[in-house]
Novice: 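Can you keep this structure in mind? I'll have questions shortly.
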Amino acid sequence: MTGEHVLMDAEEISFCLERLALEVRSRRGADDTPLALVGIRRRGVYLADRLGRLLHGQLGLDLLPAGVLDINLYRDDWSTLGPRAEVGRTALDFEVNGSSILLVDDVLYTGRTTRAAMEALADYGRPRRLELLVLVDRGLRELPIQADYIGLKAETLSDERVDVHLRELDGEDRVVLRRT
């Protein structure tokens, strides 16, 4: 493979998020535990925001508490990020203890980002339940972590990468597979 291959365009991303919102709603059933969406900085934040609007608008759920989680200080490769490693703000303006938290990220790969997110959340409290939603699961796990909700499962090779472009950051919505 040379160049890039588009895995999802804007319409497919939109449809995928609608399907994921329906899955979340369906699986919650009668669970009355407060649900909060937490996006992993950067693109997970925008996906969580979109998902929250879908759950609120189209599915009639109350507006859900939302949070932003920066995991950079919890990464196991923190010391290799260089002298200008950027740490963003974490904002969890809801009670973590006892909440059901839906952690949202763009791509699940090795599992290390999810592990770091779980460690970061533990510093804020102990959720009753923690689930993971990802737009793309590209396989090749290094840790025993799996997503509860998956938009697209794409089997990839280690010399490939999956880039998620979102209009809020990149001016367009699309998911691209590239050989590195």
Side-chain angles (χ1 to χ4, degrees), residues 1-21 23-24 37-52 54 66-91 101-123 130-180:
M1 178 175 73
T2 59
E4 67 181 37
H5 173 70
V6 176
L7 297 176
M8 291 196 315
D9 61 22
E11 186 177 327
E12 291 166 320
I13 290 172
S14 179
F15 176 77
C16 182
L17 288 173
E18 289 176 21
R19 179 181 52 80
L20 289 168
E23 282 184 42
V24 169
L37 301 174
V38 175
I40 297 176
R41 188 171 296 279
R42 292 189 37 177
R43 285 168 178 79
V45 173
Y46 299 105
L47 292 170
D49 180 60
R50 291 184 193 185
L51 191 65
L54 285 168
V68 174
L69 190 64
D70 185 274
I71 55 115
N72 279 331
L73 290 176
Y74 296 87
R75 292 173 56 120
D76 57 11
D77 62 351
W78 170 250
S79 61
T80 65
L81 295 179
R84 299 185 149 259
E86 197 174 304
V87 177
R89 186 175 77 85
T90 290
I101 294 178
L102 183 57
L103 192 61
V104 180
D105 203 7
D106 58 347
V107 178
L108 177 58
Y109 178 28
T110 64
R112 294 183 182 282
T113 295
T114 304
R115 182 208 46 85
M118 290 169 35
E119 286 185 23
L121 276 173
D123 281 350
L130 179 63
E131 293 180 299
L132 177 63
L133 180 146
V134 296
L135 185 62
V136 180
D137 180 348
R138 64 165 289 188
L140 301 174
R141 217 73 79 236
E142 294 175 4
L143 298 175
I145 290 175
Q146 67 180 12
D148 299 284
Y149 304 93
I150 299 168
L152 173 70
K153 189 162 185 68
E155 295 299 323
T156 64
L157 303 173
S158 58
D159 67 341
E160 295 173 325
R161 50 181 278 164
V162 174
D163 292 327
V164 173
H165 299 266
L166 298 176
R167 66 178 177 266
E168 296 90 342
L169 288 173
D170 310 301
E172 67 176 343
D173 282 348
R174 69 185 188 137
V175 178
V176 179
L177 179 66
R178 290 188 171 95
R179 185 168 300 265
T180 56

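In this chain, residues are counted from 1 in sequence order. Below, all heavy atoms of this structure are taken into account, side chains as well, without hydrogens, waters or symmetry copies.
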Novice: Who pairs with Glu168 by side chain to side chain donor-acceptor pair (under 3.5 Å), at least two apart in sequence or on another chain?
Specialist: Arg50
Novice: Measure across Leu108 and Arg141 and return the closest heavy-atom pair with its distance rounded to 0.1 Å.
Specialist: CD2-NH2, 3.5 Å
Novice: To the nearest 0.5 Å, what is the distance between CG on Leu132 and CD1 on Ile101?
Specialist: 12.5 Å
Novice: With sequence neighbours left out, write down each residue that passes side-chain contact (heavy atoms from CB on, under 4.5 Å) with Glu142, or none if nothing qualifies.
Specialist: Thr110, Arg112
Novice: Just to verify, what does Asp148 make a side chain to side chain donor-acceptor pair (under 3.5 Å) with, not counting sequence neighbours?
Specialist: none
Novice: What residues, two or more places apart in sequence or in another chain, satisfy side-chain contact (heavy atoms from CB on, under 4.5 Å) together with Asp123?
Specialist: Tyr74
Novice: Show the numbers, then the answer: is there a side-chain contact (heavy atoms from CB on, under 4.5 Å) between Arg89 and Val68?
Specialist: CA-CA 8 Å; Arg89 186 175 77 85; Val68 174; 5.9 Å; no
Novice: Quick one: closest heavy-atom pair of Ala147 and Val134, and the distance?
Specialist: CB-CG2, 3.8 Å
Novice: Within a strict 4.5 Å, meaning less than it, do heavy atoms of the Leu166 and Asp106 side chains meet?
Specialist: no
Novice: Rounded to the nearest 0.5 Å, how far apart are CG of Leu17 and CG of Leu54?
Specialist: 6.5 Å
Novice: Donor-acceptor pairs under 3.5 angstrom involving side-chain atoms of residues 150-159: please list them, not counting sequence neighbours.
Specialist:
{"unit_1": "Lys153", "atom_1": "NZ", "unit_2": "Asp137", "atom_2": "OD2", "d": "3.4"}
{"unit_1": "Thr156", "atom_1": "OG1", "unit_2": "Arg138", "atom_2": "O", "d": "2.9"}
{"unit_1": "Thr156", "atom_1": "OG1", "unit_2": "Arg138", "atom_2": "NE", "d": "2.9"}
{"unit_1": "Thr156", "atom_1": "OG1", "unit_2": "Arg138", "atom_2": "NH2", "d": "3.0"}
{"unit_1": "Asp159", "atom_1": "OD1", "unit_2": "Arg179", "atom_2": "NH1", "d": "3.2"}
{"unit_1": "Asp159", "atom_1": "OD2", "unit_2": "Arg179", "atom_2": "NH1", "d": "2.4"}

Novice: Can you list the residues that meet the side-chain contact (heavy atoms from CB on, under 4.5 Å) rule with Ser14, with sequence neighbours excluded?
Specialist: Glu18
Novice: Which atom names give the shortest non-hydrogen contact between Val104 and Ala48, and what distance separates them?
Specialist: CG1-N, 3.8 Å
Novice: What are the two closest heavy atoms between Met8 and Ile13, and how far apart are they?
Specialist: CE-CG1, 3.7 Å
Novice: Side chain to side chain donor-acceptor pair (under 3.5 Å) with Asp49: which residues, sequence neighbours excluded?
Specialist: Arg53
Novice: Please identify each residue that fulfils side chain to side chain donor-acceptor pair (under 3.5 Å) with Arg42, with sequence neighbours left out.
Specialist: none
Novice: How long is the straight-line distance from CD of Glu4 back to CZ of Arg174, given to the nearest 0.5 Å?
Specialist: 4.5 Å
Novice: For Leu20 versus Tyr149, what's the shortest heavy-atom pair and its separation?
Specialist: CD2-CB, 3.9 Å
Novice: Looking at residues at least two apart in the chain, or sitting in another chain, which of them share a salt bridge (charged side-chain N to carboxylate O under 4.0 Å, His left out) with Asp170?
Specialist: Arg43
Novice: Has Glu119 got more than 12 heavy atoms of other residues, nucleotides or ligands less than 6.0 Å from its CD?
Specialist: yes
Novice: List in chain and number order the residues that pass salt bridge (charged side-chain N to carboxylate O under 4.0 Å, His left out) with Asp70, two or more places apart in sequence or in another chain; answer none if no residue qualifies.
Specialist: Arg41
Novice: Working to the nearest 0.5 angstrom, can you tell me the gap between Asp173 CG and Arg167 CZ?
Specialist: 5.0 Å
Novice: List the residues meeting salt bridge (charged side-chain N to carboxylate O under 4.0 Å, His left out) with Glu23, not counting sequence neighbours, and say none if there are none.
Specialist: Arg19, Arg27
Novice: Sequence neighbours left out, what passes side-chain contact (heavy atoms from CB on, under 4.5 Å) with Ala117? Give chain and number order.
Specialist: Ile40, Leu69, Ile71, Leu103
